[in-house]
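Structure first, then comments.
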Amino acid sequence: MTIIAANWKMHKTRKDARAYLEAFARQDKGSADIIFFVPYTVLDVFTDAGYTFGAENFHPEEKGAFTGEISLPMLRELGCTHVLAGHSERRHLFGEDDRLINRKVLAGLGQGFHVVLCVGEQLKEHEAGKTWDVVRTQLERGLDQVKDADRLMIAYEPVWAIGTGRCSQPADAEQVQKRIKTWLAERFSKQVPVLYGGSAKPDNGKDLLAQEHVDGFLVGGASLDPEQFAALCRL
Ligand code: PGA
């Protein structure tokens with residue numbers, strides 16, 4: 001089944017989240033595997049809502065003197081089963097490097113979570129024809145020492161397409177997705193789902209999903225509106 005993951009980023013209060021879930025449940029036809037990545041403060045609104053959900057961020061250590069951080073055991077207690085790692089906003093706005101991202105991937109998988117590792121090139125890298133070099137390096141480093149890909153997913157998110165309305169052309173996305181899937185199949189000898197992210201919306205989603213190596217979406221902006229997100233999930 002298609003995997004459609006929402007990434008709310010820093011949006012929605014608890015009141016907003018409750019209203020969203022009510023509206024979304026009315027529209028949801030159960031036709032996709034849905035995952036909600038939401039802010040820490042609304043995680044427990046999802047605890048008994050019947051949807052798979054996860055955290056947008058976490059610290060790789062189980063506990064310690066890390067003021068302001070949240071650990072995996074804390075997330076597990078709320079019923080979280082999934083985590084994001086390596087999102088471009090964490091990489092480029094918060095300075096997370098491949099080393100830290102790798103620690104997060106290893107910690108998340110090691111603690112039994114499903115991990116979505118995000119990779120993607122910036123505009124200048126895209127224009128310089130370096131997309132695959134960048135993505136391969138992020139995969140190699142982010143997945144260093146990962147032995148078991150059972151609970152791993154990748155989201156290919158070209159940075160220039162995130163939140164810009166400038167979605168990748170389906171054939172361009174497909175080319176990168178195919179290389180990622182081939183690389184993963186060689187590395188792990190198994191199929192790892194690869195999502196596409198970057199201005200995915202109901203009106204461009206169908207053509208993207210029609211591509212052989214697009215297993216679903218990681219959706220920012222279009223996940224904030226329950227009707228729009230439900231429409232994407234029904235594609
Ligand atoms: P977007 O964000 O759908 O708003 O482009 C995607 C993401 O950041 O995961």
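Because the structure is predicted, anything quoted here is derived from the model rather than measured. Counting starts at 1 for both ligands and their atoms, following the listed order.
Figure legend: K104 and F58 shown as a cation-pi pair, the cationic atom lying under 6.0 angstrom from the six-membered ring centre and within 45 degrees of its axis.
In the vicinity of H87, heavy-atom distances shorter than 4.0 Å reach the ligand 1 atoms 7 (C), 8 (O), 9 (O). Those atoms of ligand 1 with a heavy atom of G220 less than 4.0 angstrom away are 1 (P), 2 (O), 3 (O), 4 (O), 6 (C). Of all atoms in ligand 1, listed by their number and element, those nearer than 4.0 Å to a heavy atom of G221 are 1 (P), 3 (O), 4 (O). Listed by atom number, the atoms of ligand 1 under 4.0 Å from G198 heavy atoms are 5 (O). If you number the atoms of ligand 1 from 1 as listed, the ones under 4.0 Å from a heavy atom of A161 come out as 5 (O). Those atoms of ligand 1 that come under 4.0 Å of a heavy atom in G163, given as number and element, are 1 (P), 4 (O), 5 (O).
The shortest N or O to N or O distance between V219 and ligand 1 is not below 3.5 Å. Residue E157 has at least one N or O atom closer than 3.5 Å to an N or O atom of ligand 1. For ligand 1, the polar-atom distance check finds no N/O of A222 at less than 3.5 Å from any of the ligand's N/O atoms.
Remark: aromatic rings of F36 and F24 are close, center separation under 6.0 Å.
Classification of D150 and K190 as a salt-bridged pair holds, one side-chain N sitting under 4.0 Å from a carboxylate O. Looking at K201 and D225, no side-chain N of the basic residue comes within less than 4.0 Å of a carboxylate O on the acidic one, giving no salt bridge. Using a cutoff of 4.0 Å between basic side-chain nitrogens and carboxylate oxygens, R234 and D28 are not scored as salt-bridged.
Put simply, part of K9 is less than 4.0 Å from ligand 1, judged by heavy atoms.
Relative ring orientation between H126 and W160 is described as tilted, the plane-to-plane angle lying within the 30° to 60° band.
Counting heavy atoms under 4.0 Å from ligand 1, residue N7 touches it through the side chain alone.
In the model, Q138 has no side-chain atom that pairs as donor or acceptor with a side-chain atom of Y156 under 3.5 Å.
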Yes or no on salt bridge (charged side-chain N to carboxylate O under 4.0 Å, His left out) for K181 and D215, after CA distance, side-chain angles and deciding distance? CA-CA 10 Å; K181 282 194 85 104; D215 297 317; 2.4 Å; yes
